[in-house]
Amino acid sequence: MRSEQLVRPRVPDGAADATAVAHPNIALIKYWGKSDERLFLPRTDSLSMTLDIFPTTTRVRLADEAEHDTLTFNGRPATGEAARRIVAFLDLVRERAGLGRRAVVDTENTVPTGAGLASSASGFAALAVAAAAAYGLDLDAAALSRLARRGSGSASRSVFGGFAVWHAGTTTGTATQADLSSYAEPVEAGGLDPALVIAVVNAGPKEVSSREAMRRTVDTSPLYEPWALSSKADLADMRAALSRGDLPAVGEIAERNALGMHATMLAARPAVRYISPASLTVLDSVLRLRQDGVPAYVTMDAGPNVKVLCRRADAERVAETVRGAAPGGAVHIAKPGPGARLLSEDG
Ligand code: DP6
C-alpha cells in the first residue's frame with residue numbers, strides 16, 4: 001500500500017480564506033515524553049497509522065481590523081486551554097508570516113474530544129494546513145509537519161496519510177536545528193491490508209491530560225528510560241514488519257509498545273492510570289480471539305478506549321467481539337486514511 005502524499009497548498013495572494021481537512025492517527029509506536037516542551041520535541045521516534053474516520057475540518061479567515069482571534073469549535077466559542085493553544089499556534093504562524101492580522105477560525109470536529117482518540121492530532125494538522133495557506137506561508141510537507149507539531153506533537157504525523165514515522169530529531173545544537181530535525185514522513189507498508197477497530201468504552205474527557213501525564217512519567221517513573229530504550233528497538237522491528245506486510249508482527253510490536261507505555265505511567269508518582277476495568281474486559285476478549293486464531297492486537301492511548309489492529313477481512317468479527325465485551329460503547333472500524341489537505345482557499 002502506498003502512503004498518500006499531502007496535497008500542497010497553493011499560496012494565496014493577500015488576504016486569504018482557507019479550509020483544510022485532516023484525520024486522526026493512532027500510534028503503533030508511541031510518542032510519550034518530551035525533551036523540549038516549548039518546541040514539542042519528543043524523546044523518542046514514533047510511528048502511526050492515519051485513519052479514514054473522524055475528520056476535523058478547519059477554516060481560517062484573516063480578519064480585517066480585529067484585535068483578537070475569533071475561535072469557534074463545533075459552532076460554539078472555543079474557551080480555556082483549547083483556545084489558548086490555538087491562539088499560541090496562530091501567533092507562531094503570524095510571526096513566521098510577518099503578519100499581525102487576527103483570524104477567524106472555525107473548527108468542525110467529528111471525534112469525541114479528550115477521550116484518547118487523538119482529536120488534537122487531526123485538529124492541529126488541519127489548523128496548520130489552513131493557517132499556513134491563509135497567512136501565505138509556502139511550506140512543503142515536512143515543514144507543515146514541523147509546524148503542526150508545535151500545536152500538538154502527534155499532529156506532525158496526521159499531515160501524512162497511511163503510515164508515518166515522526167523523527168525525534170536532535171537535541172544538541174541550537175533550538176532552530178532541533179526544531180528543523182523533528183518532523184514526520186510517510187512509511188511504506190507493503191501489502192498490508194489493516195483495519196483498526198476502536199472500542200469507545202468511555203467518550204468523556206480524560207482526567208489527566210496527556211501533556212501532564214507524559215511530563216509526570218518522564219520526571220518520576222523508574223520505568224520510563226527502559227521503555228524509551230526498548231521503543232527504539234520496537235521501531236526498527238516495526239519498520240521491518242511493515243515493509244514485509246507482516247500483520248501479526250506489526251500487531252505484536254504495537255501491543256508490547258503500548259502496554260509498555262502504560263506500564264511507565266503506572267509506575268509514575270503518583271500513578272497515571274488510563275486503563276479501566278472496561279478496557280481490561282476488551283483486552284481479554286481480544287486475547288481470546290487470538291487464541292481462536294484471529295490475528296488481533298490492542299493498542300491504547302491517553303484514555304480507556306481500546307483500538308484493535310487486525311486484518312481488514314477480520315474487522316467485522318473483531319468489532320462484534322469487542323461490542324460484546326463492552327456493551328453500550330460505540331465501536332468504529334477505521335482503515336488507513338488520507339493526509340491533511342486543503343479544501344479551498346480564496347485569495
Ligand atoms: C498517547 O500529541 O496529544 O496518543 O504533544 O502534548 O499535545 P501533546 O501530546 P499528544 O500526545 C499523544 C500521546 C499518545 C501517543 C501517540 O499518539 O503517539
Side-chain angles (χ1 to χ4, degrees), residues 22-51 54 56 81-82 84-86 88-89 92 109 111-128 145-160 163-169 179 182-184 187 196 198 205-206 208-218 221 224 227-228 231 234-235 238 253-255 257-266 268 272-275 279 298-307 309:
H23 289 76
N25 70 76
I26 298 297
L28 303 179
I29 300 293
K30 300 297 183 187
Y31 148 50
W32 196 250
K34 297 182 181 67
S35 58
D36 186 316
E37 293 210 351
R38 188 181 67 86
L39 294 174
F40 287 79
L41 296 174
R43 285 184 175 252
T44 56
D45 298 345
S46 56
L47 186 149
S48 62
M49 181 177 113
T50 298
L51 310 184
F54 298 145
T56 299
E81 179 63 9
R84 195 198 58 72
R85 284 175 68 177
I86 295 172
F89 187 83
L92 183 68
N109 203 5
V111 61
T113 301
L117 286 178
S119 60
S120 66
S122 53
F124 278 102
L127 182 61
S145 173
R146 281 186 206 104
L147 179 62
R149 189 196 83 221
R150 299 289 295 271
S152 180
S154 51
S156 64
R157 300 182 309 233
S158 272
V159 166
F160 300 98
F163 294 87
V165 63
W166 171 23
H167 305 290
D179 180 39
S182 184
Y183 57 90
V187 168
L196 207 60
I198 301 174
K206 55 200 167 210
V208 187
S209 73
S210 53
R211 192 158 304 186
E212 159 59 22
M214 61 175 86
R215 183 185 300 144
R216 194 190 299 172
T217 306
V218 171
S221 174
Y224 182 74
W227 173 79
S231 198
D234 286 347
L235 179 72
M238 177 63 84
I253 300 160
E255 187 171 293
N257 187 268
L259 294 179
M261 176 187 76
H262 284 275
T264 69
M265 297 182 218
L266 289 170
V272 180
R273 185 171 61 84
Y274 289 124
I275 301 179
S279 327
V298 299
T299 185
M300 290 181 66
D301 295 291
N305 303 318
V306 181
K307 295 100 183 185
L309 185 80

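Everything quoted here is computed from the prediction, not taken from an experiment. For ligands, and for the atoms within them, numbers begin at 1 and follow the listed sequence.
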I want to know if ligand 1 touches [X] in the polar sense, i.e. an N/O pair below 3.5 angstrom.
X	value
A27	no
N25	no
R157	yes
S154	yes
Y31	yes

Do the side-chain N and O atoms of S231 and N257 include a donor-acceptor pair separated by under 3.5 angstrom? yes
At a 4.0 Å threshold, what atoms of ligand 1 neighbour a non-hydrogen atom of K34? 5 (O), 6 (O), 8 (P)
Taking only non-hydrogen atoms of M214 and a 4.0 Å limit, the atoms of ligand 1 in range are 9 (O), 11 (O)
Looking only at the aromatic ring of each residue, does the gap between the centers of H23 and F54 stay below 6.0 angstrom? no
Any R85 heavy atom less than 4.0 Å from ligand 1: yes
Ligand 1 versus S152, non-hydrogen atoms closer than 4.0 Å: side chain, backbone, both, neither?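 The answer is both.
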For F89, check ring-ring contact (aromatic ring centres under 6.0 Å, His included) against everything at least two apart and list the hits. F124
